[in-house]
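Input: a single structure, listed below in C-alpha cells.
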Amino acid sequence: MRLTHALVPTLKEAPADATSVSHTLLLRAGYIRRVGAGIYSYLPLGVRVLRNVERIVREEMDKAGALEVLLPALLPADYFRETGRWHLFGDNLLRLKDRKGSDYHLGPTHEEIITDMARREVHSYRDLPKNLYQVQTKFRDEPRPRGGLLRCREFTMKDAYSFDVDEERAKLSYEKMRVAYTRIFDRMGLSYRMVSADSGAMGGSGSAEFQVLVQSGEDFIAACGHCDYAANLEVAVTAEPPPAATQNKDGAPEKVHTPKAGTIEKVSAFLGASPDVFLKSLIYLAGEEVVMAVVCGNDEINEVKLAKALGVGEVVLASPDDVWRATGAKVGFAGPVGFKGKLLVDRAAKALPLGISGANETDYHFKNVQPGRDFEGEIVDIRSVRAGDPCPNCADGKLEVYRGIEAGHIFLLGTHYSEKMGATFLDDSGETKPVVMGCYGIGVSRLVATAVEQFNDANGILWPASLAPYQVAIVQLGSEPEVITAVAEVEAALEARGISVLVDDREERPGVKFKDADLVGIPLRVTIGKKSLERGGVELKPRTETDPKKAELVAVEKAPQTIADRVAALAKSLEPK
RNA sequence: CGGGGCGUAGCGCAGUUUGGUAGCGCGCACGGUUCGGGUCCGUGAGGUCGGCAGUUCGAAUCUGCCCGCCCCGACCA
C-alpha cells in the first residue's frame with residue numbers, strides 16, 4: 001500500500017479530550033476517530049489491527065474446538081425477560097421500541113440468546129459437549145465511557161458459551177478455554193496474569209480474569225512473586241495474621257477529647273499515635289440493616305468482601321445522617337465500643353493489642369481499646385490486601401499489587417441460565433437434565449487499545465508483529481529514479497512473499513516521514529534514499545531500536561530475503577510456548 | 001446519578017471579566033526555498049462563535065432553557 005493512496009491522517013497535536021496513552025496515540029496515528037461518547041470509527045489502519053486481533057482469537061477458538069456462530073445484536077425483550085435481566089441490567093441496557101411499540105434492546109451479552117439456541121437444537125447427551133462462539137458488536141450504555149477504545153458503549157467482543165452434561169465435563173470445557181486464552185494473549189505478546197475474580201451476580205462456581213499488566217489499568221490485582229497465586233484486589237486474600245501479641249486483661253478504654261479531629265490523619269497527629277493502631281470504623285448499609293465494619297487504621301475496607309461476609313449483593317457507605325442515627329456522633333467519631341448494631345471486625349484489627357477508636361460521641365475518641373475485652377464482633381476478612389502481605393498460597397511469597405486492564409473473563413455458569421430457560425437434554429439413562437454452561441469473553445476492541453497501552457514510547461506505538469497493520473514500513477526519501485526503482489523492487493518482492501508493506505511515498509521531508517513512521521508503529525522500518533543507496537543499499541531498523549545510527553545496511557538485491565527473515569523471526573518470537 | 005470543567009476554522013487555543021460585528025499556531029491550497037528526525041518565506045481558502053429564546057441600537061461576550069463532550073466519584077454480566 002502506498003501512503004499517497006491510503007488514508008492515514010496523522011495529527012501533530014492530540015485532540016483535547018484524549019487522556020489515556022492508547023486513546024491519544026490511536027487518534028494521532030490515524031487509527032480511530034470519535035463519533036460520540038464511547039463510540040468510535042475505525043480508519044483503515046484501525047480496521048487492520050482489529051482484524052488481526054479477531055484472526056488470532058478465531059484461530060485459537062477454532063483450534064480449541066469451538067464453533068463460530070453469529071447472533072443478532074438487535075434483540076426482542078422476551079429473552080432477557082425470561083431470566084429477569086431485562087430489569088437487572090437497568091440503565092446499562094440500550095433499549096428501543098419498534099414501530100408497533102414493542103420492546104427491544106441491543107445485546108450487551110448473549111447468554112439468553114445462545115441458551116435459546118441450545119434449548120432448540122440440543123436434545124440429547126449425544127449432542128454434547130458444544131462450545132459456540134461469536135465475534136460481534138456489543139452495546140452497553142456505560143454510565144461513563146472513557147479511555148477511547150478501553151471502555152466504549154459500542155465495542156467488539158468475542159463471546160463463547162460451552163454446554164456440557166455435568167459439572168465435571170463443564171470444567172474440562174472451561175480448562176480448554178483457559179488454555180486457548182493463554183495462547184491468544186501470548187500470541188499478542190502481552191504481559192498478563194490470570195487472576196481469580198469476583199463472579200459477581202452471575203452466580204457461577206468459578207471465574208478468572210485475564211488482566212493485562214499496565215500502569216494505566218483501572219483494576220488492581222494482587223499477585224505472589226513466588227507462586228502463581230493472583231487475584232483481583234476485590235477478592236484477594238492474605239495469610240492468617242498472627243494472634244494478638246498481648247492480652248491485657250485489666251484496664252479500660254480511656255476517653256480523650258479530640259476536637260474537630262474526624263479523620264485518622266488528624267487524630268493520629270493530635271494524639272501523636274501511629275495510624276496503624278487505629279480501629280477504623282465505618283458505617284455501611286446492607287439493604288435495610290446498618291452495620292459497622294472495623295479494620296486497622298492503615299487498611300482499606302474491601303466492600304466486595306464485606307458484602308460477601310454479610311451475604312448481600314452490595315453494601316453502601318452510610319450517609320452522614322445515617323451515621324448520626326447509628327452512633328449519635330458526627331462522621332469521624334464512630335467506634336465499636338458500645339455500638340449496638342451489627343459489628344464486623346477484620347481479623348487483622350482483632351489482632352491489635354490496644355487501639356484507638358471513635359467514642360460514638362462527637363469530638364471524642366477512646367484510647368486503650370482492646371478487641372475482645374471492650375467489644376465483641378464477628379471476626380471476618382474484610383480488608384483489601386496490601387503490597388508486602390504474605391501470600392495465602394505459599395510459605396515464602398509476598399504479594400505485589402499491580403494495575404491491570406481486564407481483557408478476558410471466563411466463567412463457570414452452572415445451570416443458572418439453562419434452568420431458567422429450560423435448556424435441557426436427555427442423559428444416557430433417559431433422564432431430563434439442564435445443560436451445564438460456561439461463558440468466556442474477550443474484549444476484542446479493548447485489546448487493540450490495551451496493546452497500545454503496553455507497547456508505546458515517547459514517539460508512538462510499537463505494535464507486536466502479530467497485531468501490526470502492516471508488517472513492514474518503507475520510508476522513501478527523495479524521488480530520484482534510482483530511489484523509486486529500489487523502493488518498487490523491494491516492495492514488490494516483499495508482497496510476492498506475502499508480506500504486507502506500507503510505503504511512505506509522500507513528498508514530505510525526511511523528518512516528517514520518520515516521525516509518522518514512529519507514530520504509526522509498524523515493527524520493521526526500511527529506509528530507502530539516495531544516501532542509503534550510495535552507502536550500498538537499504539537501511540533496516542526495528543521500531544524498538546530508537547537509535548537511527550544502529551540501522552542495518554542491506555544490499556537492495558538481498559533486502560527482500562533479509563527482511564522476510566526478520567519478519568519471520570518477529571512472528572516466531574510471539575509463538576505460544 | 002453526585003461533583004468539577006469545557007464547547008470559537010479540520011486540530012490545538014486566545015478573545016467573554018468591561019457588549020461595538022472574530023484572531024493566533026498547526027494543518028489545507030498555490031508560489032518560491034529547503035531536503036536523513038515535524039525547513040523557511042510569501043499569498044490564499046476556510047467560522048450558523050454548540051442550539052433556541054430573551055435583554056440591547058448592537059451579543060462569541062449579558063440572562064434563561066436545552067444539547068453535546070471531558071475529568072473525579074458512584075457504576076461496570
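Remember, it's a predicted structure, so these values are computed and weren't measured experimentally.
Atom CZ in A:R33 sits about 9 Å away from atom C1' in B:C11, given to the nearest Å. Look at CZ on A:F89: it is 13 Å from C1' on B:C75, rounded to the nearest Å. The separation between A:K549 atom NZ and B:G37 atom C1' is 11 Å, rounded to whole Å. The distance from atom CZ of A:R151 to atom C1' of B:C70 is 16 Å, rounded to the nearest whole Å. The nearest whole Å value for the distance from the NZ atom in A:K515 to the P atom in B:G27 is 14 Å. Rounded to whole Å, atom P of B:C40 lies 13 Å from atom CD of A:E508. Following rounding to the nearest Å, A:K513 (NZ) and B:U39 (C1') show an atom-to-atom distance of 15 Å. In this entry the distance linking CG of A:L317 with P of B:G2 reads 19 Å, nearest Å.
Separating the C1' atom of B:C13 from that of B:G58 is a span of 27 Å, rounded to the nearest Å. B:A22 and B:A59 have their P atoms separated by 13 Å, given to the nearest Å. Of the C1' atoms belonging to B:G54 and B:A74, the separation is 38 Å, rounded to the nearest Å. Here, B:A60 and B:G7 have their P atoms 16 Å apart, quoted to the whole Å. Here, B:G23 and B:A29 have their P atoms 23 Å apart, quoted to the whole Å. Nucleotides B:G68 and B:C76 have their C1' atoms positioned 23 Å apart, rounded to a whole Å. Remark: the separation of the C1' atoms in B:C49 and B:C40 is 33 Å, to the nearest Å. A distance of about 15 Å separates the C1' atoms of B:A14 and B:C6, rounded to the whole Å.
Applying the side chain to side chain contact (heavy atoms under 4.5 Å, CB included) test between A:S20 and each of A:R146, A:E453, A:R151 identifies A:E453 as the sole match.
With hydrogens and angles ignored, a donor-acceptor pair under 3.5 angstrom links the side chain of A:R525 to the base of B:G37. The base of B:G25 sits within donor-acceptor range of the side chain of A:E13, with an N or O pair under 3.5 Å. Checked by distance alone, A:R506 brings no side-chain donor or acceptor within 3.5 Å of a matching partner on the base of B:G38.
Using a 4.0 Å heavy-atom distance criterion, A:S532 is classed as a base contact. Residue A:D91 is classed as having no contact, given no heavy-atom separation below 4.0 Å to the nucleic acid. No engagement by A:L11 is indicated, since no non-hydrogen atom pair under 4.0 Å with the nucleic acid exists. Counting non-hydrogen atoms under 4.0 angstrom, A:E406 reaches nothing in the nucleic acid. Counting any heavy atom pair closer than 4.0 Å across all strands shown, A:A18 reaches no nucleic acid atom.
Between A:V448 and A:W463, the closest side-chain pair of non-hydrogen atoms falls below 4.5 Å.
Across all strands shown, B:C26 forms a Watson-Crick or G-U wobble pair with B:G10, both key distances being under 3.5 Å. Base-pair partner of B:C1: B:G73 (Watson-Crick or G-U wobble, both distances under 3.5 Å). Summarising the base pairing, B:U63 is matched to B:A53 through a Watson-Crick or G-U wobble pair whose two defining distances lie under 3.5 Å. Base pairing of B:U33: no nucleotide in any strand meets the Watson-Crick or G-U wobble criterion (both distances under 3.5 Å). Pairing of B:U17, defined by two Watson-Crick or G-U wobble distances under 3.5 Å, is not identified with any nucleotide. Pairing for B:G47 is absent, with no Watson-Crick or G-U wobble pair whose two atom distances lie under 3.5 Å. In a base pair of the Watson-Crick type (N1 to N3 plus N6-O4 or O6-N4) or a G-U wobble (N1-O2 and O6-N3), with each distance short of 3.5 Å, B:G38 is matched with no nucleotide.
Taking only side-chain atoms of A:L519, from C-beta outward, the nucleotide of B:G37, B:C76, B:G38 with the closest atom is B:G38. The side chain of A:R535 sits closest to B:G36 out of B:U39, B:C75, B:G36. Of the candidates B:C75, B:C70, B:G38, B:C70 carries the atom nearest the A:A37 side chain, counting heavy atoms from C-beta on. Taking the side chain of A:R153 as heavy atoms from C-beta on, and the options B:G12, B:G36, B:C69, the nearest nucleotide is B:C69. The side chain of A:R146 lies closest to B:A74, out of B:G36, B:C13, B:A74.
For the pair A:R85 and A:F80, the cation sits on the ring face: its NZ or CZ lies under 6.0 Å from the ring centre, inside 45° of the axis.
By the 30° and 60° cut-offs, the orientation of the rings of A:F411 relative to A:H409 is parallel.
Salt-bridge formation is not detected for the pair A:E175/A:K171: no Lys NZ or Arg NE/NH1/NH2 atom is positioned less than 4.0 Å from an Asp or Glu carboxylate oxygen.
Remark: A:K12 is not in phosphate contact with B:G12, judged by side-chain N or O atoms under 4.0 Å from OP1 or OP2.
Looking at A:D504, its side chain never comes within 3.5 Å of a backbone N or O of A:L3 through a donor-acceptor pair.
If A:K530 and A:P15 are placed on RNA chain B by their nearest nucleotide, the residue sitting closer to the 5' end is A:P15. Both A:R509 and A:P548 lie near RNA chain B, and the one whose nearest nucleotide falls closer to the 5' end is A:R509.
With a 6.0 Å radius and a threshold of 12 heavy atoms from other residues, nucleotides or ligands, A:D457 has its CG atom above the threshold.
Remark: A:E82 CD to A:T115 OG1 distance equals 9.5 Å, nearest 0.5 Å.
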